[in-house]
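Structure, as structure tokens:
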There are 2 protein chains.
Amino acid sequence: MGDRMTELEGAVLGVIWSLGPITAYGVVQRFAASTTRGWSSSTGAIYPAIKRLTREGFIESTPELEDRRSTRRLTLTEAGKTALRDWIMGLEDWMGGSAVDPVRTRMNYIGILSRAQQLALVEKARGNARRALDEIANFEPDPGHHREGVAIAARGVQADVEARIRWLDQTLALLER
Amino acid sequence: MGDRMTELEGAVLGVIWSLGPITAYGVVQRFAASTTRGWSSSTGAIYPAIKRLTREGFIESTPELEDRRSTRRLTLTEAGKTALRDWIMGLEDWMGGSAVDPVRTRMNYIGILSRAQQLALVEKARGNARRALDEIANFEPDPGHHREGVAIAARGVQADVEARIRWLDQTLALLER
DNA sequence: GGCTCCATGTAAGGAGTTACATGATTCA
DNA sequence: TGAATCATGTAACTCCTTACATGGAGCC
């Protein structure tokens with residue numbers, strides 16, 4: 001792609017690289033199963049993305065002959081691997097600061113709420129975070145060929161959610177005081 | 001709005017509530033100045049959002065008479081305040097887990113990189129995070145009428161980025177070993 | 001035979017991005 | 001007077017979401 005790839009396109013290349021040969025449907029399932037909420041997992045996003053990436057020559061699509069569904073197995077071409085590397089290394093300067101987060105965004109404006117509502121909001125957020133942490137703990141990744149990166153990312157998610165819970169606990173103590 | 005508001009719309013209501021009366025241009029500047037990267041701050045997103053919210057009756061727009069630019073000061077209507085409260089309290093179950101993050105996403109696929117590239121990536125991410133932390137430390141929020149929420153959100157951002165740096169430090173140690 | 005899952009797609013609509021256009025005000 | 005900033009907006013484009021459509025495979 002002459003211009004930069006979207007996060008979805010990059011992630012699709014990554015999934016095909018680590019889990020491929022895989023069907024487009026499999027890619028969709030993979031996104032749906034992610035513990036990280038916010039991934040689309042909608043066919044209306046992923047199929048067109050795969051089509052674009054195929055058109056660029058990054059994905060090779062070979063039909064499964066023993067299946068009369070129009071099943072096709074996807075793998076990365078050499079150009080696709082290069083594109084994946086470039087996408088990963090093309091981390092922008094602003095990435096790695098704090099991303100937009102729906103909980104923090106809302107927290108800015110809790111002054112408009114009653115104290116009871118504020119407490120309810122923070123407790124709800126903490127409940128959400130705890131549930132997410134459980135989900136992460138129980139999650140076992142697909143047996144892809146390359147586990148190291150997945151394990152590192154998983155620790156990142158965990159550290160993130162744990163820090164959030166500590167923050168919410170402090171906030172709760174502050175508001176209850 | 002019959003259907004749910006977007007994050008941008010909610011945040012716009014929040015900014016107008018906490019900083020208003022404020023011009024649309026001022027709202028744009030406020031987003032641009034945010035330490036949280038990922039906010040649009042594009043007129044092509046914010047002006048139409050304000051238009052939608054005005055159409056819904058959430059924003060009142062009064063022309064500034066002593067200014068021949070078409071300057072208008074925005075404030076929230078009562079319906080707008082209710083909508084802001086509903087948006088804040090309408091935190092979905094999945095919010096508060098981990099959001100999509102460009103650094104973590106890429107980390108999943110570092111297996112395709114050489115060890116040198118892996119180290120470069122992690123170091124770059126850590127540099128980004130450190131810079132973000134500095135920016136947060138030096139940031140002083142606008143003197144809005146309601147500081148408590150802003151202070152809480154700021155602590156959240158700080159905790160988030162600090163956790164990220166610890167994670168990246170560990171990852172670096174792991175990869176260098 | 002019917003239900004569930006596998007598998008691939010498209011159509012309509014909405015929201016955000018980039019880039020452009022226009023003009024007033026302020027300050028050196 | 002010229003440049004930077006204040007101030008409002010639109011047009012084209014891209015991508016994502018929701019919803020729908022279609023049909024084969026596997027299992028009870």
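Residue numbers begin at 1 in each chain, while the letters A, B, ... track the order of the sequences.
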| said: One character per nucleotide, please: for nucleotides 7-15 of chain C, 5' to 3', B when the base has a protein heavy atom closer than 4.0 Å, S when only the sugar-phosphate does, - otherwise. | reply: BBBB----S
Value in whole Å for how far the [atom2] atom of [N] lies from [atom1] of [X]:
| X | N | atom1 | atom2 | result |
| --- | --- | --- | --- | --- |
| Q29(B) | dT5(D) | CD | P | 10 Å |
| W39(A) | dT17(D) | CH2 | P | 10 Å |
| M5(A) | dT14(D) | CE | P | 17 Å |
| F31(B) | dG16(C) | CZ | P | 10 Å |
| I50(B) | dG16(C) | CD1 | P | 12 Å |
| E64(B) | dA7(D) | CD | P | 9 Å |

| field | Donor + acceptor pair across side chains of Q158(A), R155(A) (<3.5 Å) | value | no
| remark: Smallest heavy-atom separation, I50(A) atom then A24(A) atom, equals CD1-CB, 3.6 Å
Report yes or no: does [X] contribute a side-chain atom to a donor-acceptor pair with the main-chain N or O of [Y] at less than 3.5 Å?
| X | Y | answer |
| --- | --- | --- |
| S34(B) | R30(B) | no |
| Q170(B) | W167(B) | no |
| E162(B) | A159(B) | no |
| N128(B) | E92(A) | yes |
| Q118(A) | I110(A) | yes |

| said: On the six-membered ring of W87(A), is R106(B) placed so that its NZ or CZ lies under 6.0 angstrom from the centre and within 45° of the ring axis? | reply: yes
| Taking five pairs at each end of the helix from dG1(C)-dC28(D) to dA28(C)-dT1(D), what angle separates the two helix axes (nearest 10°)? | 20°
